[in-house]
Amino acid sequence: MAARQLNRAQIFELFSRLAEANPAPRTELDYGNDYQLLVAVVLSAQATDAGVNKATRGLFETVKTPAQMVALGEEGLKRHIRTIGLFNTKAKNVIALSEALIANHDGEVPRDRDVLTSLPGVGRKTANVVMNTAFGEETFAVDTHIFRVANRMGLAPGKTVLAVEKGLEKRVPQPFRRDAHHWLILHGRYICKARRPECWRCPVNDICLYRDKILVDPKLSK
DNA sequence: CTCCCGATAT
DNA sequence: ATATCAGGAG
């Protein structure tokens, strides 16, 4: 009873269309250097990119290095990120993470997924984002959107985020591997949404294996 | 598995 | 009112 899966030709066609619609996909988190990217991704857990950007706009004006973050302090940081969910643990983690970068990594963001994962508040998904976006590695950062989209489409079905990541690793072909996770997250955010997927305007709805497609805009029929 | 946790869309 | 948002740690 293996889950239904797309074949190689369908997967290639799927990414060809997503790539055509958005040739140069980019993260929607705002940042000015690798350290700020790392902080922004840690803050983005269970929060919207728009909400994180609103909080980091002021923060990143003065804080561009781990040392500046440590100088700001946990309470100072909280004043900037109070509007983001989970802000207490995030503030604690960002300070501890910044201290670890100074103590063990010369204040630089390490280009190593296992080392990144050892930092406070940095799990596999955050490490994969940094490896891909800061260093150009072909990693697949499986967040809530990609987990949902990969399962719905039959692109990389899996019961855990790690299983989906391994599936993508195995099945996504060149030349799409570098930007695949960006296309999938944007697709999940704006079209293949959790609550009301807008399948009627999805560019790959003829390939997708999702059983509950909504092929007509509900707003057009009332 | 539970907890963390405010803003936003529906 | 409730589900959801670029998850991670205990």
Side-chain angles (χ1 to χ4, degrees), chain A residues 18 22 25-31 34-60 74-75 77-98 100 109 113-135 137-152 155-156 158-165 168 178-199 212 214 217-219 222:
Chain A
L18 295 181
N22 190 354
R26 187 186 168 286
T27 177
E28 295 187 326
L29 290 168
D30 294 333
Y31 65 99
D34 292 350
Y35 171 67
Q36 290 184 340
L37 170 67
L38 174 59
V39 172
V41 178
V42 170
L43 294 179
S44 71
Q46 299 293 283
T48 61
D49 282 8
V52 173
N53 289 337
K54 194 174 297 182
T56 56
R57 189 173 305 142
L59 175 66
F60 288 167
E74 188 174 321
E75 292 308 313
L77 174 56
K78 281 185 188 177
R79 259 173 244 128
H80 285 276
I81 67 172
R82 236 183 252 119
T83 56
I84 305 177
L86 317 180
F87 69 92
N88 276 304
T89 46
K90 286 174 181 175
K92 194 181 301 292
N93 283 333
V94 167
I95 296 298
L97 165 168
S98 301
V109 177
R113 188 173 62 196
D114 294 330
V115 176
L116 285 167
T117 304
S118 75
L119 296 169
V122 180
R124 189 180 181 91
K125 174 256 162 182
T126 296
N128 280 336
V129 173
V130 172
M131 292 302 288
N132 178 281
T133 300
F135 303 124
E137 300 286 341
E138 292 172 0
T139 51
F140 299 85
V142 180
D143 68 342
T144 180
H145 296 296
I146 298 183
F147 182 76
R148 178 182 67 250
V149 171
N151 272 298
R152 274 184 182 167
L155 169 63
K159 291 179 178 173
T160 66
V161 291
L162 186 59
V164 170
E165 181 184 330
L168 292 171
R178 179 79 61 88
D179 292 324
H181 90 272
H182 274 135
W183 285 310
L184 294 176
I185 190 175
L186 293 171
H187 187 67
R189 185 176 296 163
Y190 296 113
I191 298 178
C192 194
K193 299 185 292 184
R195 282 223 228 172
R196 198 172 65 95
E198 299 180 4
C199 308
D212 301 319
I214 304 173
D217 185 349
K219 279 179 284 195
K222 65 178 181 183

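The chains referred to below are lettered A, B, ... by the order of the sequence lines, with proteins before strands, and numbering in each begins at 1. Reckoned from all heavy atoms, side chains included, excluding hydrogens, waters and symmetry mates.
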Gap in Å between the two P atoms, one belonging to B/dC5 and one to C/dG10, rounded: 15 Å
Sugar-phosphate, base or nothing in reach of A/K90, heavy atoms under 4.0 Å: nothing
Sugar-phosphate, base or nothing in reach of A/R82, heavy atoms under 4.0 Å: sugar-phosphate
C/dA6 and B/dA9, which share atom name P, separated by this distance in whole Å: 12 Å
Listed partners of A/D179 passing salt bridge (Lys or Arg N to Asp or Glu O under 4.0 Å), at least two apart: none
Nucleotides 3-8 of chain C: protein proximity per nucleotide (B base, S sugar-phosphate only, - neither; heavy atom, under 4.0 Å): BSBBBS
Salt bridge (Lys or Arg N to Asp or Glu O under 4.0 Å) contacts touching residues 113-124 of chain A (sequence neighbours left out): A/R113-A/E165, A/R124-A/E165
Set of residues satisfying salt bridge (Lys or Arg N to Asp or Glu O under 4.0 Å) with respect to A/E138, sequence neighbours excluded: A/R177
Contacts of type side-chain contact (heavy atoms from CB on, under 4.5 Å), residue A/F87, not counting sequence neighbours: A/K78, A/I81, A/R82
Any A/K54 side-chain nitrogen or oxygen under 4.0 Å from OP1 or OP2 of B/dG6: no
Pairwise P distance for C/dA1 and B/dC4, with rounding to whole Å: 23 Å
Length of the CG-C1' vector between A/N88 and C/dA9, whole Å: 15 Å
Candidates A/N93, A/N88, A/I95 - the one meeting side chain to side chain contact (heavy atoms under 4.5 Å, CB included) with A/E74: A/I95
For A/H145, all residues meeting side-chain contact (heavy atoms from CB on, under 4.5 Å), sequence neighbours excluded: A/D143, A/R148, A/I185, A/R189
